[in-house]
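One structure is given here, and the rest of the page talks about it.
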Amino acid sequence: MELQGMPTSEMPIFGNTLKLMKFWSYLFVHNWRRYSALIPFGLINVTQYVDIYLSTESLPFIIRNVYLAVLFTNTLVRGILLSLCRGHYERFLELLKGYYLQLLNSTDKHISQLVTEATQLSNSIGRINLLMGTCTCIGFVTYPIFGSERVLPYGMHVPGIDKYASPYFEIFFVVQAIMAPMGCCMYIPYTNLVVTFTLFAILMCRVLQHKLRNLQHLPLSRVRQEIIWCIQYQVKLAGLVDAMNELNTNLHLVEFLCFGAMLCVLLFSLIIAQTIAQTIIVIAYMVMIFANSVVLYYVANELYFQSLYISIAAYESNWMDFDVETQKTLKFLIMRSQKPLAILVGGVYPMNLKMLQSLLNVIYSFFTLLRRIYG
């Protein structure tokens, strides 16, 4: 396939992520598949909250239904955001595609190796996330089977109908089982998309570091021109990260809150699970939610530090051999690089492992409080 004629959805670094989004018409195309997922999900999500409000079931069922309602809301927000901001995402992907093709066409063997490593890492993370999402969907459907009472995979309230009476129970069960993989195709690909965006920004940081460390191998007459190229590339990198924040920062805030609520509820569900099978399934839920969030925070943390390493790479060059004007140009690049590039939550807080640690501390405090009240 000609690189210049490569469709955006076929970029190797995204693996199957963009293909899934194109199939469900969240990006690149607009057809009925989008609505076949969003409308049923929206209706069920509304009935979930009504069911929680009117519920007379035991606390374990209510706790599980709260978790599922929050997860459905998070999934629905992702799908709606992609649908409403489709043009913005597609323009951003075209911008990223241009930078990606530039790196693919590079004759520098080290840069080619960096691109290969980033592509392999992105594809591996994508496959692992899809595998965990599939296991979670199976858990949603099988969880009720191991319970001591008749229960649907997701709580829902239908006025005038006893959802536990046949044949309504069987019909609702089949419909909800079919919707599980549809939700997975809304939730997981979006995580993979954001992770790949961040990994590509990290790749650009590493390319800059490589260019700056190689200044000592260039003739002195070409060094200043190379530094100017690095400054221009750094401006492109900063613009890419700003565009990422503009697209995702508000959703990161929503997911920050949803993650806290879901993990707290799952911890509580773990201590009130009635059977070993239910305990195993709850643990699988926790692993999926936690792993998805940890990956996001880890790559965002890595971007934060890799952007700082640009100034270190510049300082490690043989700058003392440069003429005064070249040294001033390099100093300007170092000064720009000392402001780290960060993925922001709500446009304010940098997403990193320190923030995740603080969130986990708060979650554990709330979990302890709930456990004492329930006890």
Could you grab the distance from atom [atom1] of [X] to atom [atom2] of [Y], nearest 0.5 Å is fine?
X    : Y    : atom1 : atom2 : result
N245 : L240 : CG    : CG    : 10.0 Å
T119 : F200 : OG1   : CZ    : 9.0 Å
L103 : M204 : CG    : CE    : 7.0 Å
H88  : L247 : NE2   : CG    : 8.0 Å
L356 : M351 : CG    : CE    : 9.5 Å
L27  : L20  : CG    : CG    : 11.0 Å

Membership question, hydrophobic clusters at under 4.5 Å side-chain separation (ILVMFWY): are [Y] and [X] in the same one?
X    : Y    : value
L253 : V348 : yes
I310 : W229 : yes
I228 : L218 : no
L344 : L303 : no
L152 : L54  : no

Check whether [X] reaches the backbone of [Y] with its side chain - one donor and one acceptor, N or O, closer than 3.5 Å.
X    : Y    : answer
R34  : W24  : no
N214 : H217 : no
N352 : Y304 : no
S311 : I334 : no
S317 : A314 : yes
S122 : I13  : yes
T198 : V194 : yes
N105 : L101 : yes
T249 : G346 : yes
S25  : M21  : no

Does [X] reach the side chain of [Y], with side-chain heavy atoms less than 4.5 Å apart?
X    : Y    : value
L71  : Y187 : yes
L359 : I363 : yes
K211 : I111 : yes
I125 : T196 : no
Y26  : R86  : no
L82  : M186 : no
V158 : T47  : no
P153 : F173 : yes

Mind checking salt bridge (charged side-chain N to carboxylate O under 4.0 Å, His left out) for R91 and listing every partner two or more places apart, or none if nothing turns up? none
Partners passing salt bridge (charged side-chain N to carboxylate O under 4.0 Å, His left out) against K339 (at least two apart in sequence or in another chain):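 K339 satisfies salt bridge (charged side-chain N to carboxylate O under 4.0 Å, His left out) with no residue once adjacent residues are dropped.
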Determine, step by step, whether L130 and N192 satisfy the side-chain contact (heavy atoms from CB on, under 4.5 Å) criterion, reporting the C-alpha distance in whole Å, the side-chain angles of both residues, the deciding distance to 0.1 Å, and the verdict. CA-CA 9 Å; L130 282 173; N192 293 343; 4.3 Å; yes
Please verify the inter-ring angle class for Y190 with Y89; under 30° counts as parallel, over 60° as perpendicular, anything in between as tilted.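 If you compare the ring of Y190 with that of Y89, the planes turn out perpendicular.
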If the plane angle is over 60° it's perpendicular, under 30° parallel, otherwise tilted; pick one for Y315 and W319. tilted
Looking at [X] and [Y], what are the two nearest heavy atoms and their distance?
X    : Y    : result
L38  : S83  : CD1-OG, 3.6 Å
C230 : L333 : CB-CD1, 3.6 Å
S9   : F28  : CB-CE1, 3.9 Å
F23  : R33  : O-CD, 2.9 Å
C137 : A180 : SG-O, 3.3 Å
V299 : I202 : O-CD1, 3.4 Å

Do other residues, nucleotides or ligands put more than 12 heavy atoms under 6.0 Å from [X] [atom1]?
X    : atom1 : value
E117 : CD    : yes
Q102 : CD    : yes
Y168 : OH    : no

Apply the test salt bridge (Lys or Arg N to Asp or Glu O under 4.0 Å) to residues D51 and K163: give CA-CA distance (whole Å), side-chain angles for both, the deciding distance (0.1 Å), then the verdict. CA-CA 11 Å; D51 182 63; K163 61 186 177 184; 2.8 Å; yes
Between D323 and V223, is the side-chain contact (heavy atoms from CB on, under 4.5 Å) condition met? List the steps. CA-CA 10 Å; D323 59 68; V223 168; over 6 Å; no
Begin from the C-alpha positions of L263 and F290 and carry the test side-chain contact (heavy atoms from CB on, under 4.5 Å) through to its verdict. CA-CA 8 Å; L263 193 55; F290 188 73; 4.1 Å; yes
So, [X] versus [Y]: side-chain donor-acceptor pair below 3.5 Å or not?
X    : Y    : value
E170 : S166 : yes
N123 : Q120 : no
R206 : Q306 : no
T191 : R78  : yes
S337 : Y309 : no

Working note: E90 + T8, criterion side chain to side chain donor-acceptor pair (under 3.5 Å); need CA distance, chi angles, decisive distance, verdict. CA-CA 9 Å; E90 289 178 1; T8 305; over 6 Å; no
Validation row, ring centre F92 to ring centre F197 under 6.0 Å: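 So the answer is yes for these two rings.
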Would you please indicate if the ring centroids of Y35 and H30 are separated by under 6.0 Å?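 Distance test on ring centres: under 6.0 Å, yes.
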Checking F259 against N292 for the side-chain contact (heavy atoms from CB on, under 4.5 Å) test, could you report, in this order, the C-alpha distance in whole Å, the side-chain angles of both residues, the deciding distance, and whether it holds? CA-CA 10 Å; F259 170 69; N292 267 266; over 6 Å; no
Which of these passes side-chain contact (heavy atoms from CB on, under 4.5 Å) with L76: N74, T73, I80? I80
